[in-house]
Amino acid sequence: MTTRYLRHRRDTQDINFTYEIIIVDDGSQDNTSGIAFDYVRKYSFEAVRVIRLSRNMGKGGAVKAGMMIARGRQLLMADADGATRISDLAKLEAVMKSLTDPGQVQSTRALQQQSELGMVIGSRAHMQQAAVNKRAWHRNLLMRGFHLLVMMVIGDKVKDTQCGFKLFTRRAARSLYKNQRIKRWCFDVELIYLAQELHIPVREVDVEWREVPGSKIRITSMINMAMELLAVLLGYKVFRRWLIKTEAEA
């Protein structure tokens with residue numbers, strides 16, 4: 001579906017449109033890499049690239065590995081399960097354009113550089129009430145606790161931090177991922193916190209999302225996520241042991 005959408009855009013909308021898909025195999029023990037390399041053979045190395053990590057690093061570690069070698073002007077993080085409709089990329093691009101293309105020549109180099117920074121987040125917040133109605137009471141209780149911790153870290157401006165569909169400018173991605181420390185679930189919240197601290201504009205856009213069988217987070221995972229959020233809170237805000245490098249320092 002993703003390759004078909006991207007090829008269609010290139011062939012019918014913009015001949016100058018280029019893309020690459022980076023598949024990160026996070027130390028899997030199955031045939032994930034074999035299937036991924038089938039796509040490389042089918043679409044070419046320029047279109048599809050595969051990274052195979054020697055051991056499991058967690059979702060955050062895997063995404064960071066892919067982002068740090070990406071070559072695009074804009075970089076999209078997308079979950080492999082396809083829960084978010086890939087065509088919603090156009091929505092994120094439209095908002096990103098409003099962040100990075102003010103429509104007039106900037107007067108200073110500092111403003112020009114600022115216009116190259118942006119992070120646009122796909123959001124399922126508009127579907128929240130339906131999800132609450134379907135979840136068991138104990139899951140809703142855990143989710144409320146999780147959201148309270150999120151608010152303690154980044155405030156309440158971003159309604160859905162965990163949707164696996166986020167678009168970055170190249171400069172923003174480099175600044176954020178070089179500072180990222182969380183390697184598993186809550187790296188999303190850390191990235192948003194880093195964006196706030198580095199003055200990178202963040203916007204949220206509603207996207208279409210569907211439940212994928214087998215993709216539900218277990219209660220133990222939610223507890224681990226809470227521990228990671230606590231680590232972010234303590235590392236950056238309480239003890240200030242996690243220093244944030246600026247673009248020049250990184």
Side-chain angles (χ1 to χ4, degrees), residues 24-28 53 55-67 76-84 119-168 173 176-197 200 202 204 207 209-242 244:
V24 183
D25 179 354
D26 189 19
S28 68
L53 303 182
R55 59 186 178 89
N56 182 269
M57 297 293 291
K59 181 180 178 181
V63 171
K64 180 175 182 177
M67 286 290 184
L76 175 71
M77 179 194 86
D79 285 346
D81 61 8
T84 306
M119 176 180 181
V120 182
I121 302 170
S123 175
R124 304 160 297 180
H126 60 295
M127 305 168 63
Q128 180 62 25
Q129 190 55 53
V132 168
N133 293 337
K134 290 180 181 179
R135 282 197 300 257
W137 68 269
H138 59 278
R139 283 186 172 273
N140 283 327
L141 183 62
L142 287 170
M143 288 302 296
R144 289 192 185 99
F146 174 78
H147 288 307
L148 179 61
L149 283 173
V150 170
M151 287 179 60
M152 292 174 67
V153 176
I154 63 169
D156 61 356
K157 290 185 178 180
V158 177
K159 304 303 181 185
D160 181 8
T161 60
Q162 300 307 114
C163 181
F165 203 70
K166 296 179 173 69
L167 184 67
F168 308 83
L176 295 173
Y177 284 96
K178 283 182 178 179
N179 279 293
Q180 178 199 328
R181 289 175 170 85
I182 298 297
K183 294 184 177 180
R184 294 200 176 272
W185 294 105
C186 283
F187 74 100
D188 304 79
V189 179
E190 183 187 14
L191 291 176
I192 296 168
Y193 174 78
L194 290 169
Q196 292 172 342
E197 292 297 302
I200 296 173
V202 178
E204 205 169 1
V207 295
W209 185 88
R210 62 187 177 87
E211 188 80 48
V212 176
S215 65
K216 284 187 176 180
I217 298 175
R218 296 187 296 270
I219 292 178
T220 53
S221 298
M222 295 174 71
I223 295 172
N224 289 333
M225 290 167 70
M227 296 300 292
E228 289 181 352
L229 281 177
L230 185 60
V232 171
L233 186 63
L234 295 175
Y236 286 116
K237 304 185 78 170
V238 178
F239 298 117
R240 299 184 182 277
R241 297 296 298 272
W242 290 1
I244 301 174

Side chain to side chain, [X] and [Y], heavy atoms closer than 4.5 Å:
X	Y	value
Ile182	Val232	yes
Thr84	Asp79	no
Phe168	Ile200	no
Trp242	Leu234	no
Ile121	Ile192	yes
Met119	Leu176	yes
Met152	Leu229	no

To the nearest 0.5 angstrom, please state how far the CZ atom of Arg210 sits from the CG atom of Asp81.
->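 CG of Asp81 is found 7.5 Å from CZ of Arg210.
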
Is there a donor-acceptor pair under 3.5 Å between the side chain of Asp26 and the backbone N or O of Met57?
-> yes

Could you tell me whether the side chain of Lys64 and the main chain of Tyr177 form a donor-acceptor pair under 3.5 Å?
->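 Yes, Lys64 side chain to Tyr177 backbone: donor-acceptor pair under 3.5 Å.
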
Gly60 versus Gln180, closest heavy-atom pair with distance |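 Between these two residues, the closest heavy atoms are O-NE2, 3.1 Å.
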
Counting only heavy atoms not in Lys157, do more than 12 fall under 6.0 Å of its NZ?
-> no

When Thr161 is tested against each of Val189, Val153, Leu191 for side-chain contact (heavy atoms from CB on, under 4.5 Å), which residue passes?
-> Val189

Listed by chain and number, what are the side-chain contact (heavy atoms from CB on, under 4.5 Å) partners of Arg124, not counting sequence neighbours?
->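 Once residues adjacent in sequence are excluded, the partners of Arg124 under the side-chain contact (heavy atoms from CB on, under 4.5 Å) criterion are Met127, Asp160, Gln162, Cys163, Trp209.
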
